[in-house]
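Values reported hereafter were calculated over all heavy atoms of this structure, with side chains retained and with hydrogens, waters and symmetry mates removed. It should be emphasised that the depicted structure is a prediction, and the values quoted were computed from it without experimental measurement.
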Amino acid sequence: MFDTINNTAGKGATTHQGSLLTKQHQAAHCTIHQKPTPMIRHRGRMTWRPQYRSSKFRHVFGKASTKENCYDGVPITRSVQDNHFCAINPRFVAVITECAGGGAFLVISIHHIGKVDPHHPRVCGHKGNVLDVKWNPFNDFCIASCSEDTTVKIWDIPRHGVLKDITAPRKELQGHSRRVGLIEWHPTANNVLFSTAYDYKVMVWNLDCPEQVIKNPVKTISEHTDVVLSMSFNTDGSKLATSCKDKKLRIIDPRSGRLLQEANCKSHKASKVLFLGNLKMLLSTGNSRWNQRQIALWDQEDLSVPLIEEELDGSSGVLFPFYDPDTHMLYLAGKGDGNIRYYEISSEKPYLQFLTEYRSFLPQKGIGVMPKRGLDVCSCEVFRFYRLVTIKSLIEPISMIVPRRAESYQEDIYPMTAGDKPALTAGDWLMGMDKGPLLMSLKPGSRLPDHYPDTRAEKTLSGSLDGPRYQSHSGLLELAQLDIKSPNTFNDPRKEDKPQDKKWDTTSNGCDPLQCSPPKTENELRQAFYQQQNEIRRLMDLLSQRDVQIIQLELEIKSVRNSLRGSH
């Protein structure tokens, strides 16, 4: 009888254990096929929130550009610095590249997509590797760069693009004693630049002075005990937030250098910090004590405890945060990742709402962002990334698009945004004035008249020419400039004769072949060879353009003949 009871008990235990295993299997199966609801820690307690809520940005999706619309063959730097390695504005793409004998970066016209000429001219005036580049937010033709040679340099980019190597900067800032790792422009004051180096100092520079070499910054901030990892300004630039290698977040008055707030959170090792517009909050990305990548939200008036912390994954790459104050969307792109997560931020709990993510099989080394005034509003584009894909030597644009059926301008997703005009001068800001950015509308036709050359002509030319695989950007830019200044150059016989009379006066990258002395060194010979190659490509582009115009004229003549025959 006891055996019977034991057998029955054994069967019951086996049945109960089997049901438990079945439930566990079902739970695991559901976990695999259904994304779990994210868990957030609110000031020390666990809370659960629904995964989705009503939002006009719920269905935002990332659209990658085709290979033909990417920048291919770019020799991206092999530096291990945790920076973006590129900078974007509506006219140019700047990317740090490899260069023998010093540091350099490329400046490519935004419309010159496709294969990049391997001998494309560079900005190469640094003696050490370039670590960071940033465009002036109020001047699309001014860019700052910092380097391992302890200097910061300000460069003027020609309006028709870089046609020859640029080695002489407009200004050079000398003050740091070790390599300079980060630079940031002030968001509202003109010609105010911040730099930080491995000497643990943050320096404030006024570029409105007449000196070409500036050795004394207007302010030196010495509140950090280790390397500064990131800097971020609030909307009007009256506060500066920094993350440091000593695991502390700081909010500093950038004019006086006085420390306003400091956070020392043992459970969150911050690497990047970002002001979230007018939400009075900070966002930091970093690692937890278990070495999990996580993000944290902070009240900028109280940095004692984070508002929320959320763990993401166990990857090791640094998370770069990007925030759009117009749509309140937060984007997270990790170094070495192929995905870009995006969230919606609100001023009330649960603060952070996960939307979805863009995924790619190609990892990114760095990433740049197009300013809002450079977006395509006709396709409902609300954000645009430029991913640096090292394994493909590729710069890949990624457009974040709100799906809308209407093709007209959508005012609800394009509010007034920060424009390209400064609100203050450097002197006004240094005297104590604070002012928010000057806003502009993105509605087509509502912008102020643009006094710069129309770069859309460059796009038309680069898309219409059927030249070789390696297109000469210098030739295209010169051709575009020529076409803009005199549209009837190729149709006017009087202007047609002038180049034939002085056919040897044509210059390539600013060098006259007849006036140049014969090359005496190997370097001069190589430079002359590159200039000759550029000249050949430029002439080929001119020939291709004339072929295109001949075809267009033949089509016009044919259409006129057909219309005349139809009338008879």
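A salt bridge does not link Asp246 to Lys269: none of the charged nitrogens lies less than 4.0 Å from a carboxylate oxygen. Salt-bridge formation is not detected for the pair Asp337/Lys365: no Lys NZ or Arg NE/NH1/NH2 atom is positioned less than 4.0 Å from an Asp or Glu carboxylate oxygen. Salt bridge Lys435/Asp236: absent, no basic N to carboxylate O contact under 4.0 Å. The residues Glu98 and Arg78 are annotated as salt-bridged, a charged nitrogen and a carboxylate oxygen being separated by less than 4.0 angstrom. Between Asp313 and Arg293 there is a salt bridge, since at least one side-chain N of the basic residue sits less than 4.0 Å from a carboxylate O of the acidic one. Looking at Asp82 and Lys335, a side-chain N of the basic residue comes within less than 4.0 Å of a carboxylate O on the acidic one, giving a salt bridge.
In this structure, the side chains of Pro371 and Pro90 come closer than 4.5 Å at one or more pairs of heavy atoms. Trp185 has its side chain within reach of Cys142: a pair of non-hydrogen atoms, C-beta onward, lies under 4.5 Å apart. Taking the side chain as every heavy atom from C-beta outward, Tyr71 and Leu394 never approach each other to under 4.5 Å. Using a 4.5 Å heavy-atom threshold, the side chains of Leu303 and Glu262 count as separate. At least one side-chain heavy atom of Pro254 sits under 4.5 Å from a side-chain heavy atom of Phe194. Side-chain contact between Ile166 and Cys124 is absent, with no heavy atoms from C-beta onward closer than 4.5 Å. Side-chain contact between Gln292 and Leu312: absent, with no pair of heavy atoms (C-beta onward) separated by less than 4.5 Å. At least one side-chain heavy atom of Asp140 sits less than 4.5 Å from a side-chain heavy atom of Arg373.
Of the N and O atoms on the side chains of Thr425 and Asn190, not one donor lies less than 3.5 Å from an acceptor on the other residue. Between His224 and Thr242, the side chains place a donor N or O and an acceptor N or O closer than 3.5 Å (distance only, hydrogens not considered). Side-chain contact of Glu396 with Ser65: a donor-acceptor pair under 3.5 Å is absent, judged by distance alone. Side-chain atoms of Glu172 and Thr151 include no donor-acceptor pair closer than 3.5 Å. With no hydrogens or angles considered, no side-chain donor-acceptor pair links His176 and Tyr198 at under 3.5 Å.
The number of heavy-atom neighbours closer than 6.0 Å to CG of Asn216, taken from other residues, nucleotides and ligands shown, is 12 or below. Counting heavy atoms of neighbouring residues, nucleotides and ligands inside a 6.0 Å radius, atom CZ of Arg170 exceeds 12 of them.
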**Message:** One pair to check against side chain to side chain donor-acceptor pair (under 3.5 Å): Ser288 and His268. What are the steps and the verdict?
**Reply:** CA-CA 5 Å; Ser288 67; His268 178 73; over 6 Å; no

**Message:** Does Val152 form a side chain to side chain contact (heavy atoms under 4.5 Å, CB included) with Leu193? I'd like the steps, not just the answer.
**Reply:** CA-CA 10 Å; Val152 178; Leu193 184 68; 3.7 Å; yes

**Request:** Could you walk me through whether Ile143 and Val123 pass side chain to side chain contact (heavy atoms under 4.5 Å, CB included), step by step?
**Result:** CA-CA 10 Å; Ile143 189 170; Val123 183; over 6 Å; no

**Request:** Show your reasoning for whether side chain to side chain contact (heavy atoms under 4.5 Å, CB included) applies to Val60 and Met329.
**Result:** CA-CA 10 Å; Val60 170; Met329 289 185 65; 4.3 Å; yes

**Request:** Could you check Phe385 against Ile340 for side chain to side chain contact (heavy atoms under 4.5 Å, CB included), going step by step and ending with a plain yes or no?
**Result:** CA-CA 10 Å; Phe385 293 98; Ile340 301 175; 4.0 Å; yes

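Of the inter-residue distances, the one linking Leu424 atom CG with Thr188 atom OG1 reads 5.0 Å to the nearest 0.5 angstrom. Between the CG atom of Leu274 and the CH2 atom of Trp298 there is a distance of 14.5 Å, given to the nearest 0.5 Å. Atom CD in Gln410 sits 5.0 Å away from atom SG in Cys380 (nearest 0.5 Å). Between atom CD of residue Gln294 and atom OG of residue Ser284 there is a gap of 7.5 Å, rounded to the nearest 0.5 Å. Of the inter-residue distances, the one linking Asn136 atom CG with Ile157 atom CD1 reads 12.0 Å to the nearest 0.5 angstrom. In this structure, the separation between NZ on Lys171 and CD on Glu211 is 7.0 Å, given to the nearest 0.5 Å.
The shortest non-hydrogen separation linking Ala296 to Pro306 is CB-CB, 4.2 Å. Across Asp376 and Tyr414, no two heavy atoms sit closer than the pair O-OH, 4.0 Å. Ile395 and Cys70 get closest at one heavy-atom pair: O-CB, 3.4 Å.
Proximity of a side-chain donor or acceptor of Ser147 to a complementary backbone N or O of Asn129 within less than 3.5 Å is detected. The backbone N or O of Ile183 lies less than 3.5 Å from a partner atom in the side chain of Lys134, making a donor-acceptor pair. Within the 3.5 Å criterion, the main-chain N or O of Glu301 finds a donor-acceptor partner in the side chain of Asp299. With His328 contributing its side chain and Ser346 its backbone, the two residues share no donor-acceptor pair below 3.5 Å. Judged by distance alone, the side chain of Arg255 and the main-chain N or O of Ser238 form no donor-acceptor pair under 3.5 Å. Using modelled atom types, one side-chain atom of Asp149 and one backbone atom of Lys127 make a donor-acceptor pair closer than 3.5 Å. Looking at Asp165, its side chain does come within 3.5 Å of a backbone N or O of Arg122 through a donor-acceptor pair. A donor-acceptor contact shorter than 3.5 Å is absent between the side chain of Trp155 and the backbone of Pro169. The backbone N or O of Ser256 sits less than 3.5 Å from a side-chain atom of Lys219, completing a donor-acceptor pair. Between the Lys280 side chain and the Gln300 main chain, no donor and acceptor come within less than 3.5 Å of each other.
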Would you be so kind as to tabulate the donor-acceptor pairs closer than 3.5 Å made by side chains of residues 200-210, with sequence neighbours excluded?
| residue | atom | partner | partner atom | Å |
| --- | --- | --- | --- | --- |
| Trp205 | NE1 | Ser195 | OG | 2.9 |
| Asn206 | OD1 | Asp208 | N | 3.1 |
| Asp208 | OD1 | Asn191 | ND2 | 2.7 |

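Aromatic rings from Phe233 and Phe275 are positioned such that their centres are separated by 6.0 Å or more. Taking the six-membered ring for Trp and the full ring otherwise, the centers of Phe322 and His84 sit less than 6.0 Å from each other. For Trp135 and Phe92, the ring centers are positioned less than 6.0 Å apart. Here the two rings, on Phe383 and Tyr342, have centers that are 6.0 Å apart or farther.
By the side chain to side chain contact (heavy atoms under 4.5 Å, CB included) test, Ser79 is found to be paired with Thr77, Gln81, Phe85, Leu131, residues two or more places apart in sequence or in another chain being considered.
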